[in-house]
Amino acid sequence: MSAADYAVDGEIALITFDNPPVNGLGHALRRGIFAGIESATADPSVKAIVLIGSGAGFSGGADIREFNTPAATASPHLREVIATVERSSKPIIAAIHKVAMGGGLELALGCHYRVAAPAAQLGLPEVKLGIVPGAGGTQRLPRAIGVAKALDMIVSGNPVMSDQAPPGLIDELIQGDLPQGALAFARKIVAEKGPLRRLRDRRARLDGDPATFFAEAAKRVAKESRGFPAPPRIVDCVEAALNLPFDEGLKFERERYENLVASTESKAMRHAFFAERAAAKIPDVPDSTATRAIRRVAILGAGTMGGGIAMAFANAGLPVKLLDVSEDALDRGLATIRKNYGATVAKGRLSQQEMEARMGLLSTTLSHEAIKDADLVIEAVFEDMGVKEQAFRKLDEVMKAGAILASNTSTLDLNRIASFTRRPEDVIGLHFFSPANVMRLLEIVRGAQTSREVLATVMKLSKRIKKVGVVAGVCDGFIGNRMLEEYMRQAYFLVEEGALPQAVDKALQDWGLAMGPFAMMDMAGQDIGWHIRKRRRVEDSERQFYPAWIDRVCELGRYGQKTGQGVYRYEPGSRAPIPDPEIEKLIVAHSNEVGIERRHVSEQEIVERCIYALANEGAKVLEEGIALRASDIDTVYLTGYGFPLYRGGPMFYADTVGLATVVAAMERYATGRYLQYWKPALLLARLATEGKTFN
Ligand SMILES: NC(=O)c1ccc[n+]([C@@H]2O[C@H](COP(=O)([O-])OP(=O)(O)OC[C@H]3O[C@@H](n4cnc5c(N)ncnc54)[C@H](O)[C@@H]3O)[C@@H](O)[C@H]2O)c1
């Protein structure tokens with residue numbers, strides 16, 4: 001069966017793409033388009049050709065199912081198809097609805113005319129996978145809409161809407177039936193003997209001095225997309241579109257494309273893309289698993305997390321009832337939500353009307369009676385087993401049968417929490433990340449008795465509230481926070497040995513993390529980590545060793561941003577961390593006390609110790625079955641912990657370094673009081689010996 005349907009309507013040939021779900025330009029479709037153009041060329045009665053997509057749009061670009069298979073590059077490849085389209089002696093019109101993305105837009109740019117239905121998205125999102133468009137997009141788009149606009153579109157990767165498209169992109173907006181409109185447009189071109197408008201024959205337009213324009217663009221891009229591989233190359237390609245003859249420009253683009261495809265950074269970004277999709281699949285919970293309807297949500301606790309979680313649901317149009325222990329707590333919670341929405345309105349990213357609609361979905365109560373009919377209740381009360389016990393016993397008593405009882409606990413044993421109810425199969429962990437209305441990650445903690453139906457329901461729900469759900473098993477800290485513990489421990493040790501917190505933060509931030517560990521803990525609240533350390537010392541005094549200096553910081557009441565000082569100090573109203581000589585003194589005194597002679601610690605050592613500690617604990621998480629796959633761990637770090645996308649996540653990064661190299665470095669660091677933390681996980685040791693990778 002061909003993926004492109006060929007039909008002739010009078011003087012016009014119609015080539016209809018049919019490769020669900022998004023008309024990805026897979027091999028069969030490329031062949032179909034090619035064959036269609038051949039037929040149309042050979043048929044003297046045909047005077048013009050329309051390319052149009054069936055169903056889900058014109059084309060979403062490359063067929064990702066073909067990635068890394070021979071079909072992806074099999075002839076005719078996309079560049080040949082586009083060249084054939086452009087060369088055609090009969091005018092070819094692209095008729096676009098819903099999407100023309102990536103290769104889809106490149107194909108449309110090879111056509112002589114483009115018409116579109118309203119609200120179709122047109123874009124070149126390749127930058128998001130760490131590459132430049134590779135089928136002429138960087139050469140044709142500047143010739144269509146001008147250099148400045150094209151550069152913006154390609155560097156951002158963001159689509160434009162057909163009804164707001166810059167001049168030159170769309171020749172006619174077609175209201176009503178697109179195929180009929182496109183045929184009428186084609187007949188008009190034939191009747192008027194419209195020219196074969198080939199973008200390759202046009203010059204790219206730029207107002208002002210090119211040298212200045214491109215120097216500024218390069219500077220801006222270097223600053224805004226530090227570490228990302230494609231944006232600087234996109235600037236080069238668009239400059240080539242202005243300066244080089246078309247065919248040379250195409251060659252220039254192709255070379256950049258191929259270099260980037262082979263780069264570690266782009267591989268990491270493509271890994272991240274596929275990792276996120278893979279996370280949605282749970283081997284023993286097939287897509288056919290029954291799910292429960294979630295129409296009403298209740299949240300226990302209107303604090304930091306409860307409020308953020310409520311916003312995430314309201315943003316998705318779900319009504320939420322917040323329950324807390326006092327009117328005061330409820331008022332405070334609601335006021336914070338209103339303030340947060342207000343800030344988004346002030347930035348112009350939400351209308352006042354939308355804000356009121358979302359606020360209208362929120363209500364509060366002090367009574368369990370009022371929430372008993374909710375389909376899902378999420379507990380976000382204090383992180384204390386006693387408080388959780390009380391909360392879950394009460395929920396078990398009041399909630400209707402079939403309600404899902406979820407806990408937002410960060411570290412506590414979900415199986416114990418489930419045991420406080422008579423329905424452990426309905427209990428699950430929904431671990432949101434702060435701020436819960438913003439962070440995309442949702443760790444979904446599967447208890448020993450959580451039912452498949454409940455799991456399938458919350459996986460589906462996570463998409464509805466625009467979160468990336470990643471399944472985790474029960475252990476202290478689940479995937480993310482358990483690994484973070486080893487990362488933080490190294491950060492504390494590094495400071496004890498001679499690096500100051502600001503040096504540790506800088507090294508890791510320069511490496512690409514959104515924030516260094518100390519600035520991050522100051523933001524989250526040092527008291528949270530302190531509380532956990534105290535608990536862990538009691539539960540597991542052998543393994544849980546931390547240098548005392550960080551506890552001293554907490555003993556001073558320095559909990560971070562919320563108290564105006566933590567490891568750093570803060571000016572009133574500012575979140576910018578300022579190194580504090582008081583803390584430096586405290587740290588040096590601590591090192592003296594424990595008999596450590598402070599030394600210079602290199603940036604390389606800082607990065608290796610912190611990141612390898614993450615990967616090693618990740619390996620344990622994997623071998624214990626807490627995470628289903630290495631790529632899930634990467635997704636957790638990429639979407640919840642500000643890990644740089646172009647490094648692909650801690651497991652992928654370790655793979656790119658080479659696991660044997662990672663193990664060798666760990667052996668080098670295994671000295672003195674740190675020895676026990678550098679024992680490679682069995683899985684890591686085995687893979688390193690076998691020359692294999694996690695992913
Ligand atoms: N803060 C974070 O970054 C973060 C991130 C992920 C998960 N968590 C987890 O989320 C939970 C809540 O944390 P938080 O930071 O929002 O705490 P918080 O102190 O800001 O809020 C807790 C709220 O729960 C209310 N509460 C206490 N007992 C209650 C009860 N029995 N019934 C109803 N309400 C009750 C309190 O009045 C308070 O308003 C904890 O389990 C925490 O570990 C926190």
When you check the gap from the basic side-chain N to the acidic O, do [X] and [Y] get nearer than 4.0 Å?
X: Asp236; Y: Arg233; answer: yes
X: Arg338; Y: Glu356; answer: yes
X: Glu485; Y: Arg482; answer: no
X: Arg536; Y: Asp476; answer: yes
X: Lys219; Y: Glu224; answer: no
X: Glu383; Y: Lys388; answer: yes
X: Arg558; Y: Asp580; answer: yes

[atom1]/[X] to [atom2]/[Y] distance, rounded to the nearest 0.5 angstrom?
X: Ile299; Y: Met311; atom1: CD1; atom2: CE; value: 11.5 Å
X: Arg647; Y: Leu645; atom1: CZ; atom2: CG; value: 11.5 Å
X: Ile479; Y: Cys475; atom1: CD1; atom2: SG; value: 8.0 Å
X: Glu617; Y: Ile626; atom1: CD; atom2: CD1; value: 10.5 Å
X: Tyr492; Y: Ile587; atom1: OH; atom2: CD1; value: 11.5 Å
X: Asp632; Y: Glu276; atom1: CG; atom2: CD; value: 11.0 Å

Measuring only between side-chain heavy atoms, which start at C-beta, is [X] closer than 4.5 Å to [Y]?
X: Leu395; Y: His368; answer: yes
X: Asp551; Y: Arg537; answer: yes
X: Leu614; Y: Met651; answer: no
X: Leu376; Y: Ile378; answer: yes
X: Leu500; Y: Val495; answer: no
X: Ile337; Y: Leu322; answer: yes
X: Thr364; Y: Leu323; answer: no
X: Met269; Y: Ile131; answer: no

Could you go step by step and tell me if Val297 and Val377 meet the side-chain contact (heavy atoms from CB on, under 4.5 Å) rule?
CA-CA 6 Å; Val297 178; Val377 54; over 6 Å; no
Identify the two heavy atoms, one from [X] and one from [Y], that lie closest to each other, and give their separation to 0.1 Å.
X: Val221; Y: Pro231; answer: CG1-CB, 3.3 Å
X: Ala472; Y: Phe478; answer: CB-CB, 4.2 Å
X: Tyr559; Y: Thr563; answer: N-OG1, 2.9 Å
X: Ile633; Y: Ala627; answer: CG1-CB, 3.6 Å
X: Ile309; Y: Ala380; answer: CD1-CB, 4.5 Å
X: Pro229; Y: Gly130; answer: CG-O, 3.9 Å

Take Glu593 and Arg552 through the test salt bridge (charged side-chain N to carboxylate O under 4.0 Å, His left out) and record every step on the way to the result.
CA-CA 13 Å; Glu593 213 173 287; Arg552 302 247 165 91; 3.1 Å; yes
Between [X] and [Y], does any side-chain donor sit less than 3.5 Å from a side-chain acceptor?
X: Asp522; Y: Tyr570; answer: yes
X: Glu608; Y: Gln604; answer: yes
X: Ser266; Y: Arg270; answer: yes
X: Asn158; Y: Lys128; answer: yes
X: Thr411; Y: Arg535; answer: yes

side-chain contact (heavy atoms from CB on, under 4.5 Å), paired with Met355, selected from Val345, Thr344, Asn340:
Val345
Check Ile550, Val538, Ile528 against Arg533 for a side-chain contact (heavy atoms from CB on, under 4.5 Å) and give me the one that passes.
Ile550
Yes or no on side-chain contact (heavy atoms from CB on, under 4.5 Å) for Asn315 and Ile465, after CA distance, side-chain angles and deciding distance?
CA-CA 7 Å; Asn315 293 348; Ile465 57 171; over 6 Å; no
Verdict with reasoning, Ser591 to Arg598, per side chain to side chain donor-acceptor pair (under 3.5 Å)
CA-CA 7 Å; Ser591 301; Arg598 294 180 67 76; 2.8 Å; yes
More than 12 heavy atoms from other groups under 6.0 Å of [atom1] on [X]:
X: Glu555; atom1: CD; answer: yes
X: Lys562; atom1: NZ; answer: yes
X: Glu389; atom1: CD; answer: yes
X: Asp209; atom1: CG; answer: yes
X: Glu539; atom1: CD; answer: yes
X: Arg599; atom1: CZ; answer: yes

How far apart are the C-alpha atoms of Tyr341 and Glu354, what are their side-chain angles, what is the distance that settles it, and do they pass the side chain to side chain donor-acceptor pair (under 3.5 Å) test?
CA-CA 10 Å; Tyr341 275 136; Glu354 280 165 322; over 6 Å; no
Donor-acceptor contact below 3.5 Å, side chain [X] vs main chain [Y]:
X: Glu379; Y: Leu405; value: no
X: Asp324; Y: Leu330; value: no
X: Lys467; Y: Ala436; value: yes
X: Asn437; Y: Gly308; value: no

Phe643 and ring pair (Phe, Tyr, Trp, His ring centres under 6.0 Å): which partner among Trp511, Tyr653, Tyr487, Phe652?
Trp511
Show your reasoning for whether side-chain contact (heavy atoms from CB on, under 4.5 Å) applies to Tyr637 and Leu484.
CA-CA 10 Å; Tyr637 267 78; Leu484 191 74; 3.5 Å; yes
Does the plane of the ring in Phe433 sit parallel, tilted or perpendicular to the ring in His431? Use 30° and 60° as the thresholds.
tilted
Would you please test Asn481 and Tyr641 for side-chain contact (heavy atoms from CB on, under 4.5 Å) and show each step?
CA-CA 10 Å; Asn481 283 346; Tyr641 291 83; 2.7 Å; yes
Find out whether the Lys NZ or Arg CZ of Arg489 is both under 6.0 angstrom from the six-membered ring centre of Tyr546 and within 45° of the ring's axis.
yes
